[in-house]
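Per chain, numbering begins at 1; letters A, B, ... match sequence-line order.
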2 protein chains.
Amino acid sequence: MKLNSPIPADDATRHQLLEAAGEVFATVGFRDATVREICRLAGANIAAVNYHFGDKERLYAEVLRYAQQKAIEKHPPLLGVSPDAAPEKKLHAFVLSLLLRILDKGPTAWHGKLMAREMIEPTTALDSLVEERIRPMADQLQKIVSEILGCPMNDERLQPCAFSVVSQCLFYKHCHPVILRLFPDQTFEPAGIARLADHITRFSLAAMTHLSEAKTTKLK
Amino acid sequence: MKLNSPIPADDATRHQLLEAAGEVFATVGFRDATVREICRLAGANIAAVNYHFGDKERLYAEVLRYAQQKAIEKHPPLLGVSPDAAPEKKLHAFVLSLLLRILDKGPTAWHGKLMAREMIEPTTALDSLVEERIRPMADQLQKIVSEILGCPMNDERLQPCAFSVVSQCLFYKHCHPVILRLFPDQTFEPAGIARLADHITRFSLAAMTHLSEAKTTKLK
DNA sequence: TGACGTGTCAAACAAATGTTTGAATCTTGT
DNA sequence: ACAAGATTCAAACATTTGTTTGACACGTCA
């Protein structure tokens, strides 16, 4: 046992376990993932998980942090756009980076799946994740929306509009299986993602800049 | 064994098994749900599942159909609105019924959760569900959107806009845990659901009626 | 009444799986 | 080079869980 060792972090098998576990947890979920499969994929012994992380549950928690961190590093919320650019451009950057973060292929792919699973069946790991990672991004988006609407930060329309923006992005992740079955020719390579970002930004901008106009008052 | 019996359907324990299984599958997922717990909740013997449904997997498939059917019966896609009403009203009815279907409390509650799980980890049961239940609703929505946009049914903007509408609804189901952690005072009782429907409808109408206007062309 | 089919029950079976164990191997500092 | 600690390994353990089995209860119909 080493448990409270002075943060080795460069441990090779520990790192490989994180990668392998991310892969497996993302594709089959926490319960269906077996430590045997994870260890096999990591080229480690069956006892490696318990030795390095204590048990399967703590391994999962660490994988979640690891994944979120790597995803945000790869696709920061505003890409390269400067904070004092036009709010329309910031919105577009926010949307595009979010889409890339959750739809991107490659080793960062499983971050989105893990989060989607966490939505449905939250573990204790979600609480800290929301506070440390998600709330800052939510604040950032609300600020952008407030600039577009031209309203103060405590306006009650802010939160619903921000939700409307992110929901359109997450949809393509959370409903992927149904989308593929409904429209098999839907495409999700980088070019397709850019097209999605354009639509979502245009749709949301059109909505928010004309939201307070009349005509839509009596819906019942 | 009875297997291909002449549709008893009035079987008491069979029905109780469906209800109990829906409850359990929805709260803990397919894999974490144990046959023992389902049978205990249904007041049946451990062997009841295998006797009535063959195995756990076929029970799950039947539960999924059962849940979807009950949910659509309770909240039909257009509520009471006539098919030749104004497209704005039809859109509002569509949104509200969808929200009610996925957020409603009570015995129909687990339908939405089951579907959300199916999104993340599709089973073979999803294929038929998409064709029989979801595609008709998707067609219905695209028709409404085409009336609002004033374009033919093969317009390429149709599908993205329809997605933007449903995504805003599903968001409140798929991201419930995060929403509650971000804004603990968010409310989901009937009045709150009605308010959500109003916002989503207004937002989407504003977007679609002003989508083709200029100004939003250069986002990069 | 008595055989028969249907449904229920408790018990047991077989497989999968997270975890532990104790020895073997490698690494490191002196 | 050597001892001490860290790491890896194969094997075994204990528990959970879906499924099966064979006996039993109950209604139905000839």
Side-chain angles (χ1 to χ4, degrees), chain A residues 1-64 114 117 121 123-125, chain B residues 1-64 114 117 121 123-125:
Chain A
M1 281 299 202
K2 71 175 188 186
L3 284 180
N4 42 10
S5 58
I7 311 175
D10 52 88
D11 203 339
T13 62
R14 186 189 158 89
H15 187 262
Q16 281 163 349
L17 278 175
L18 280 176
E19 289 281 344
E23 179 86 25
V24 177
F25 281 141
T27 52
V28 299
F30 176 77
R31 187 59 195 281
D32 275 312
T34 77
V35 300
R36 280 172 172 81
E37 169 68 5
I38 292 173
C39 291
R40 195 191 56 76
L41 212 96
N45 184 268
I46 327 261
V49 164
N50 297 299
Y51 179 77
H52 286 278
F53 297 93
D55 57 17
K56 186 183 174 186
E57 211 165 323
R58 264 173 290 181
L59 166 62
Y60 176 79
E62 297 243 17
V63 164
L64 211 61
L114 288 176
R117 290 184 182 281
E121 209 164 339
T123 69
T124 55
Chain B
M1 283 298 201
K2 70 176 189 186
L3 284 181
N4 41 10
S5 58
I7 311 175
D10 52 87
D11 204 339
T13 61
R14 185 187 158 91
H15 187 262
Q16 281 163 351
L17 278 175
L18 280 176
E19 290 281 345
E23 180 86 23
V24 177
F25 281 141
T27 52
V28 299
F30 176 77
R31 186 58 195 281
D32 275 312
T34 77
V35 175
R36 282 171 172 80
E37 169 69 3
I38 291 173
C39 290
R40 195 192 58 76
L41 213 96
N45 184 268
I46 328 261
V49 164
N50 297 77
Y51 179 78
H52 285 278
F53 297 93
D55 58 16
K56 186 183 173 186
E57 212 165 321
R58 264 173 289 181
L59 167 63
Y60 176 78
E62 297 244 17
V63 164
L64 211 61
L114 288 176
R117 291 183 181 282
E121 209 163 340
T123 69
T124 55

Return the set of residues passing side chain to side chain contact (heavy atoms under 4.5 Å, CB included) with B:Ala21 (not counting sequence neighbours), or none when no residue passes. B:Phe25, B:Ile38, B:Leu59, B:Val63
Using atom CG of B:Leu59 as one end and atom P of D:dT17 as the other, report the distance to the nearest whole Å. 16 Å
Go through the structure and list residues passing side chain to side chain donor-acceptor pair (under 3.5 Å) with A:Asn45, not counting sequence neighbours. none
Distances under 3.5 Å only, N/O to N/O: pair up the protein atoms with those of nucleotides 15-19 of chain C.
unit_1 : atom_1 : unit_2  : atom_2 : d
C:dG18 : OP1    : A:Ala33 : O      : 3.1
C:dG18 : OP1    : A:Lys56 : NZ     : 2.9
C:dG18 : OP2    : A:Val35 : N      : 2.9
C:dG18 : N7     : A:Arg36 : NH1    : 2.9
C:dG18 : O6     : A:Arg36 : NH2    : 3.2
C:dT19 : OP2    : A:Asn50 : OD1    : 3.3
C:dT19 : OP2    : A:Lys56 : N      : 3.0

For A:Asn45 and D:dA10, is the shortest distance between a side-chain N/O and OP1 or OP2 below 4.0 Å? yes
Mind running salt bridge (charged side-chain N to carboxylate O under 4.0 Å, His left out) on A:Arg31 and A:Glu121 for me, showing each step along the way? CA-CA 11 Å; A:Arg31 187 59 195 281; A:Glu121 209 164 339; over 6 Å; no
So, OP1 or OP2 of D:dT8: does either fall under 4.0 Å of a side-chain N or O from A:Thr13? yes
List the residues meeting side chain to side chain donor-acceptor pair (under 3.5 Å) with B:Thr123, not counting sequence neighbours, and say none if there are none. B:Glu118
Side chain to side chain donor-acceptor pair (under 3.5 Å) filter on A:Arg36, not counting sequence neighbours, yields none
Tell me whether the side-chain N/O atoms of B:His52 come closer than 4.0 Å to OP1 or OP2 in C:dT6. no
Listed partners of A:Phe53 passing ring-ring contact (aromatic ring centres under 6.0 Å, His included), at least two apart: none
In whole angstrom, give the distance that lies between atom CD1 of B:Ile38 and atom P of D:dT17. 12 Å
Atom pair distance, as rounded to whole Å: CZ in B:Phe53 and P in C:dT8: 11 Å
